[in-house]
Amino acid sequence: MITRRSIATIILAFIATGIFAQDDLIGNVPGRKTTSLNGKWQYIVDPYETGFYDYRYKERREGDPEAYWNTDVPRNKGERKEHGYIDKYTLQVPGDWNSQRAKFLYYEGTVWYKKSFDFKRASPGGKVYLWFGAVNYKADVYLNGKKLGAHKGGFTPFNFEVPDSLLKATGNFLVVKVDNKRYAQEIPTLNTDWWNYGGITRDVNLVELPAAHILNYAIQLKRAAGADNDVEGWVRLSGAATGEQVTIEIPELRIKRSFTAQDNNAAIAFNIGTLQRWSPENPKLYRVIISTATDRTEEKIGFRTIAVEGKKILLNGNPLFLRGISVHEEIPQQARRAYSKADAIQLLTWAKQLGCNMVRLAHYPHNEAMTRMADSLGILVWSEIPVYWTIDFASKEVLEKATVQLHEMISRDVNRASIIIWSVGNETPVSEVRTTFMRTLLERARAKDPTRLVSAALEVKHDNANNLHTIDDPLGNYTDIVAFNEYLGWYNGTPEYCRSAKWIITYDKPFFISETGAEALGGYHVDNRTMWSEEYQAWYYEEQLSMLEHMPPGFSGISPWLLADFRSPRRNNPRFQDGWNNKGLIDQQGRKKKAFYLVNNYYKKIKTQTQ
Ligand code: GCB
């Protein structure tokens, strides 16, 4: 039962944990009045950042005619201009630059993007925001010669309010300096096992909202194992009057509830009554309308509970086994970032064909089309921030950068029923300072979204001489489920090691194998003792999958590494890798490898056992 007292407690808890703090990200952008700025953008490649720094390497000032955010048109025939945007040099937005032109294949650095546009407001008096789905990695955004702002983080959305005085009806000159250089103090850091695709990789929109508007909201069932359909959430407003009423409607369920906002925030708590809960078998979505006196938005939201009890994961109160697959945000046949609905359909259809009920979206938040499609198709999601391998765990600034990405990931997708796990990182090396860092992220994820589980992919302690494999990373004490990556038979020994392997998992929690896999060059057929062949990869999976029959109690799922081959500059065997990590169950041409069918059979079997 939700009482008045518990509502007050929820409000206080949210305020204390900073959920309501400084978060101006607009939620549900696809449901808003938008003008797309996708399409062709002109560009200048600027490896020396000449458009940003002068010859003394001082940052250029606002009116500097040589700054690349300023007009490229000479004022008179005597004016020297050493930059310019022309149609000969265009890139498609959204999209990474690497796959669009041969000269960009390995480019990391600065590219200036420019778009001219006209703009007619749908209604006068409102606010206009410029919203980016993602830019990798740093974006400096300028409109008509003025800086709107900057953003770091390559996989999450951001927006800037556009002042009225700046926006013109015709001939707006929008410039984005995109820089994807890698740095030790950024997230991810210098070293990853994937290609650092640069560019304006996701949609760009102008979003129009009334002067007083709804910014974002969370409307989800409480984290619980029981049958009570208690909604717990919040609505964040901008420019609201004191005591503003926020109304939530779910017409199909005849729900209409109002809540009072204080300081632009309203805590939402109500019992939804009888409903069809969202699940992979029945991905039921309800139309939910959120309104205030001045604004209204709606979208389709699913309701399900997720919880952990002892060594079990419970979805809607029932034990859940995750038949997963890890996925990079990449379309292998075109060696490019995925960004569209069609891309999401391709990747998630492959996952379905494999027999999955879950995807691990590695190693960073994927585009919004993926998580929305997962909601519609009924696929559970693990969503992760790119705290990967060895970042600077001692640095407070790095922790804050990770927190920004964590908050942006959660803000965008907080209403996606498909997402059941927020992951704060992957294979971070055990040390006290790292555990403190990661634990802080787990706590912040819980504070921002108390309705979901939190985790991180850990490493295994291997005693190869005794074929003994232990998971006792102290970080596992703080996650809701213990997840670990293991490559027994690939990085450790050969696949038959799996037959006598002993596993020790030292927590009283469910555990999940967040990665396992082996490489094979698609179409390379020899025999199962020949490395890089499809037969070797198939042998690896045969041994791995039979080992799984004897895992200790608490075994709750697996997401093999991974759905499809992907570009990685660390992989330099010229014959069998050539700049690709070929651990995909699907190859660079989109063909299913032998191992695909083994995992598929395993999942069919597991499905009948776990239903
Ligand atoms: C891992 C990493 C993943 C790599 C994979 C591999 O443990 O988490 O990002 O790509 O192994 O192929 O080695």
Side-chain angles (χ1 to χ4, degrees), residues 154-155 182 187-197 324-330 332 335 337-338 347 359-366 382-391 421 423-430 434 438 455-462 464 469 471 473 475-476 479 481-495 497 511-522 531-532 534 536-537 540-541 544 557-573 576-588 593 595-596 599:
F155 303 98
R182 289 167 288 123
I187 296 174
T189 177
L190 295 167
N191 198 18
T192 61
D193 187 23
W194 70 84
W195 174 250
N196 175 30
Y197 288 98
I325 188 71
S326 303
V327 186
H328 260 299
E329 192 192 40
E330 221 170 299
R337 275 261 172 265
L347 295 170
V359 285
R360 174 181 179 216
L361 300 183
H363 284 296
Y364 39 77
H366 286 211
W382 159 303
S383 183
E384 183 163 296
I385 50 168
V387 172
Y388 183 87
W389 290 354
T390 309
I391 64 163
I421 298 164
S423 163
V424 297
N426 180 74
E427 291 184 352
T428 52
V430 180
R434 161 284 200 170
M438 298 300 280
S455 195
L458 310 179
E459 288 185 317
V460 178
K461 223 188 253 167
H462 295 288
N464 289 333
H469 312 279
I471 296 95
D473 182 332
L475 187 58
T479 56
I481 65 164
V482 170
F484 59 88
N485 300 345
E486 63 88 4
Y487 285 83
L488 196 63
W490 183 256
Y491 293 126
N492 299 83
T494 53
Y497 268 57
F511 72 89
F512 171 68
I513 300 179
S514 33
E515 287 177 29
T516 184
E519 285 202 42
L521 180 64
M531 194 156 254
W532 311 110
E534 286 201 28
Y536 191 99
Q537 188 193 36
Y540 175 94
Y541 273 100
Q544 277 276 335
I558 174 172
S559 67
W561 189 253
L562 79 167
L563 185 66
D565 295 346
F566 62 103
R567 272 189 73 191
S568 171
R570 300 172 57 82
R571 306 292 170 175
N572 293 319
N573 179 312
F576 300 112
Q577 296 180 309
D578 201 17
W580 284 74
N581 180 321
N582 288 325
K583 292 194 187 70
L585 298 175
I586 292 179
D587 76 7
Q588 294 172 32
K593 299 182 195 171
F596 182 99
V599 175

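The first residue of the sequence shown is numbered 1, and numbering continues consecutively from there. Both ligands and their constituent atoms are indexed starting at 1 by order of listing.
For Ser455, there are no side chain to side chain donor-acceptor pair (under 3.5 Å) partners, not counting sequence neighbours.
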Please produce the table of protein N or O atoms sitting under 3.5 Å from N or O atoms belonging to ligand 1, one pair a line, distance to 0.1 Å.
unit_1   : atom_1 : unit_2 : atom_2 : d
ligand 1 : 7 (O)  : Glu427 : OE1    : 3.0
ligand 1 : 7 (O)  : Glu427 : OE2    : 2.3
ligand 1 : 7 (O)  : Glu515 : OE1    : 2.9
ligand 1 : 8 (O)  : Asn426 : ND2    : 2.8
ligand 1 : 8 (O)  : Glu515 : OE1    : 3.0
ligand 1 : 8 (O)  : Glu515 : OE2    : 2.7
ligand 1 : 9 (O)  : His363 : NE2    : 2.6
ligand 1 : 9 (O)  : Tyr388 : OH     : 2.6
ligand 1 : 10 (O) : Asp193 : OD2    : 2.5
ligand 1 : 10 (O) : Trp561 : NE1    : 3.1
ligand 1 : 11 (O) : Tyr487 : OH     : 3.2
ligand 1 : 11 (O) : Glu515 : OE1    : 3.3
ligand 1 : 12 (O) : Trp561 : NE1    : 3.4
ligand 1 : 12 (O) : Asn581 : ND2    : 2.8
ligand 1 : 12 (O) : Lys583 : NZ     : 2.6
ligand 1 : 13 (O) : Tyr491 : OH     : 2.5
ligand 1 : 13 (O) : Arg571 : NH2    : 3.1
ligand 1 : 13 (O) : Lys583 : NZ     : 3.4

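At least one test fails for Arg571 against the ring of Phe576: distance under 6.0 Å to the centre or angle within 45° of the axis.
A ring-centre distance under 6.0 Å is not found for Trp194 and Trp389. The six-membered or imidazole ring of Trp561 lies near that of His363, with a centre-to-centre distance under 6.0 Å.
Note that CG of Leu585 and CG of Asp565 are 9.0 Å apart. Values are rounded to the nearest 0.5 Å. Atom CD in Glu486 sits 8.0 Å away from atom CD1 in Ile471 (nearest 0.5 Å).
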